[in-house]
Amino acid sequence: MRTEKRQENYEKDQRHLRDRFLCLTVGLIIIGFCLSGLLTTSSDFANRRTEIEPFFLSIPSRDTARDFSKEFSKMPHTPGSPRDATLAKRVLQLFQEELGISPTAASIFPAGSPESRNATLRLTAKDRVSQPTAWIDVYYPDLDTPKQQDVEVLDQYGQTTWAANLNEEGDPLDEDAYHSRNDVPTWHYYSADGMVEGKLVYVNYGTKQDFEALLSAGVNLTGKIALARYGEVYRGIKVENAQSSGAIGLLMYTDIRDDGRVTAQNGYAIYPHGPARNPSSVQRGSAHMLYIYPGDISTPGYPAYQNASRQEPSNVLSIPSIPISWKTAQALMEESGMFNDSISRKLVRLINRVDRAPAPIWNTMAAIPGHIKDEVVVLGCHRDAWVLGAADPVSGTVSLLEVVRAFGALLRTGWKPLRTILFTSWDAEEAGLVGSTEYGEDFGEWLSRYAVAYLNVDISAAGPRWLIYGTPSLSDLIQRTAQDIPHPTVKGKTLWDARHDRGFEYDSVEALDSRPNATDIQMLGLGSDHAVFLLRLGIAASDQMFKGVTEFDIPYHYHSIYDSHRWMQIYGDPGFHRHIAVARHLGLMTLRLADSLILPLNASRGASALDNYLTSVETKFNASRNLHVLRQSIARLQAASAELEEEKNESRLNFFDTIVGKSPSFSSRIFGATSSGLYRPYNPYSGWLGQFVSQTSLKWFEEEIRQAYIRVANANKKSMIFDRGFLSDEGLPERPWFKNLIVGPDREQGYEGTPFPALAEALQSGNSNRVEYETQRLMNLLEGLTVKLRS
Ligand SMILES: [Zn+2]
């Protein structure tokens with residue numbers, strides 16, 4: 001009812017505006033042509049579709065995407081490596097070329113230097129730059145240099161009877177993978193340095209339940225080396241569980257039993273001759289307690305400048321772990337005499353030698369300054385890879401570069417965004433979200449104040465199904481933009497429809513999965529560089545990717561040499577359609593966030609999601625009696641959020657009404673830029689609104705418009721603080737780095753986001769004082785936010 005009434009009022013307003021508009025003098029007809037788009041459409045978005053958006057969306061190209069993919073995945077570029085540095089500079093060069101930035105200026109700054117601080121801070125400073133800028137911030141986190149990784153079987157005298165070849169094999173048919181087969185050792189980032197000997201115990205996935213089952217079956221892990229398969233939980237959780245149960249080391253292997261239908265056993269040839277997993281492939285990865293705090297292990301909560309004081313890390317485990325292949329695991333089980341038993345007869349030696357020291361990493365950044373001085377849209381992808389990383393993260397980096405190209409094309413038309421856009425190419429994500437986290441810790445205060453949202457991409461294409469993650473306040477924007485972008489391969493469908501896709505055969509996409517809600521916008525966790533923005537700074541965030549469905553699709557060689565350009569071309573994204581679909585979605589979200597008069601963040605959606613979160617926690621812990629007071633706080637926040645959404649709409653209508661109601665001479669002054677070439681029909685706002693919001697002195701008759709604009713700006717500011725409202729200084733219990741009390745990384749899974757993490761842990765503990773304390777903390781936050789939204 002309410003919505004209908006609003007729509008009716010709105011249409012009345014529109015008619016009223018149009019009538020007034022038509023009364024303006026003939027001299028304004030041309031301007032009227034441009035403005036009428038604004039007045040006759042039902043949303044800020046719709047107008048853009050007819051002008052700026054088709055042009056913007058036409059820029060991303062499969063050809064350039066293919067070329068970028070080839071170039072960036074040609075050689076290994078692990079964090080801090082020379083190739084990683086080369087690609088950081090290459091991204092800088094591309095940012096400069098595409099955004100029209102002079103390459104002569106010095107632009108590589110040590111983090112913490114006045115130049116580095118200034119590069120970010122001046123984007124919103126009084127004397128801020130008016131032209132696009134690009135630069136590199138150099139941080140110094142602890143980085144690993146792997147020295148020796150060995151797995152051996154010993155005889156009764158301690159002599160080696162068998163030693164594993166831990167390298168991936170490679171095959172000349174995939175040239176890039178073949179050439180890099182000996183370049184990147186198979187190790188776990190931030191794993192303990194050490195040499196241990198013990199019998200091998202098979203621990204399944206290494207979950208808490210797996211270890212409990214072993215203990216209750218009478219298996220003693222003390223002094224043993226655990227053998228776990230990948231899956232179910234994050235690597236660090238497996239190591240932590242092994243360590244807690246008394247194990248002295250851990251080997252982690254990729255199990256082809258987890259590959260679904262596309263296996264050699266089912267008749268598929270093995271990569272690179274076919275789509276089945278290469279049995280020598282190894283999944284490298286970080287294996288510390290990322291869920292205690294991400295980023296540089298030696299500077300938790302503060303930036304890793306070169307001269308930063310270092311701490312003993314509290315998120316690194318003490319037992320060593322090594323990743324191995326299916327093939328190695330099979331041989332090891334046989335050689336060590338494991339057979340059908342879960343314990344080996346022979347002793348196994350695990351050697352993991354790693355040097356760890358501060359070393360440089362490079363975050364490449366670029367900004368397009370907007371007219372509004374204090375609102376910034378941030379988007380990014382990491383650039384470092386475990387080996388070649390054609391999917392992880394080259395596909396995402398390619399999508400990001402295509403977005404930058406599209407914005408470059410817009411800039412060349414004379415367009416300028418309303419809000420500042422900040423592009424980021426993070427480093428050392430693979431070590432543990434390091435580049436983004438250090439930046440977030442370095443500029444936390446600035447980001448809290450000015451960031452509108454952070455849009456992440458990492459793997460953009462590695463299979464047929466589109467997975468989308470996001471903060472509920474962004475859900476409308478996410479869905480509408482996805483519905484405005486065509487499906488990458490199926491005519492007549494949209495990107496939004498691709499949430500259901502799966503392809504049993506790699507070249508056929510079928511929409512078969514109709515499970516309700518199985519493919520909604522999912523909750524963000526700790527999976528990529530959005531972590532610091534959402535979980536520490538309370539900034540609305542999103543992430544997206546095309547991936548295979550494990551049961552039906554082609555296995556992806558995650559963090560292996562086989563994540564190569566060739567695999568991408570044949571299996572991951574033949575034709576590079578998905579790279580482009582993600583670029584378009586990411587770009588369109590950025591454009592709408594940057595250019596809509598009213599910020600497309602929806603507090604009502606954010607507040608109503610809390611009900612579902614609470615229900616899921618109540619159900620999980622059977623705890624509804626304790627939590628009804630919390631539901632009342634949620635209801636009050638929902639009411640305040642609905643009022644905010646109403647005010648946003650009204651302030652917008654009021655703004656346009658006020659402008660049109662002004663004298664023709666005033667209007668022509670504002671719109672005069674049309675003839676001087678500053679204003680192009682591509683952007684309904686920037687020519688006049690932009691100039692208006694950035695000017696300092698106003699004539700008497702402009703005051704009324706200024707007041708109308710301030711009303712709009714205030715509503716936007718409230719939209720921005722909505723997600724900040726869930727932060728607590730105290731943070732999660734025993735994990736104070738994480739400040740968000742509404743969403744946080746699950747303590748037992750490691751990566752995935754879980755609702756009300758502190759409350760959930762309290763409920764799990766069964767301690768009623770803790771439950772009461774956490775309920776009260778949440779209520780205080782929600783009530784505080786309700787007051788702020790109404791102030
Ligand atoms: Zn990645």
Side-chain angles (χ1 to χ4, degrees), residues 68-69 72-73 76-81 83-84 87-88 91 141 143-144 184 187-190 230 234-236 281-288 290-291 294-295 323 361-364 379-401 424-440 454-463 467-469 524-534 541-548 556-565 567-568 572-573 578-579 582-583 586 745 750-753:
F68 282 143
S69 169
F72 278 77
S73 64
H77 45 291
T78 44
S81 64
R83 180 66 182 167
D84 181 30
L87 291 182
V91 170
L143 292 187
D144 275 7
V184 184
W187 96 101
H188 278 148
Y189 225 102
Y190 292 151
Y230 268 111
Y234 162 67
R235 297 173 213 93
S281 72
V282 177
Q283 184 195 131
R284 297 159 184 81
S286 61
H288 60 308
L290 200 60
Y291 42 89
I361 61 163
W362 305 272
N363 287 342
T364 307
L379 69 159
C381 182
H382 75 93
R383 188 192 57 254
D384 63 298
W386 264 105
V387 192
L388 306 170
D392 182 7
V394 172
S395 62
T397 295
V398 168
S399 296
L400 180 73
L401 290 172
T424 60
S425 168
W426 308 117
D427 204 347
E429 190 269 358
E430 297 297 3
L433 319 180
V434 177
S436 56
T437 301
E438 297 315 308
Y439 184 80
Y454 172 72
L455 310 178
N456 192 63
V457 63
D458 184 330
I459 293 172
S460 76
L467 300 176
I468 178 73
Y469 303 81
L524 281 167
L526 201 47
S528 191
D529 290 308
H530 48 77
V532 72
F533 294 91
L534 176 63
S542 74
D543 191 23
Q544 62 180 302
M545 69 188 80
F546 273 95
K547 251 192 159 173
Y556 164 54
H557 294 85
Y558 186 42
H559 294 172
S560 143
I561 61 170
Y562 302 108
D563 182 2
S564 66
H565 183 69
W567 183 87
M568 181 58 76
D573 185 15
R578 294 165 189 142
H579 284 71
V582 169
L586 186 64
Y751 257 167
E752 281 173 16

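Remember, it's 1-based here, ligands and their atoms both numbered in the order they're listed.
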Subject >> Nearest-0.5 Å distance, CZ of residue Arg578 to CD1 of residue Ile459 >> reply: 13.5 Å
Subject >> Name of the His382 atom (N/O/S only) found closest to the Zn ion (ligand 1) >> reply: NE2
Original post:
For the side chain of Arg284 and the backbone of Val184, is there at least one donor-acceptor N/O pair under 3.5 Å apart?
Top reply: yes
Subject >> Sole candidate of Asn363, Asp529, Asp458 that passes side-chain hydrogen bond (donor to acceptor under 3.5 Å, both in side chains) when paired with His382 >> reply: Asp458
Original post:
the Zn ion (ligand 1) to Asp392: any N/O/S contact under 2.8 Å?
Top reply: yes
Original post:
Does Ser560 reach the main-chain N or O of Tyr562 with its side chain, forming a donor-acceptor pair under 3.5 Å?
Top reply: yes
Original post:
What N, O or S atom of Asp458 is found closest to the Zn ion (ligand 1)?
Top reply: OD1
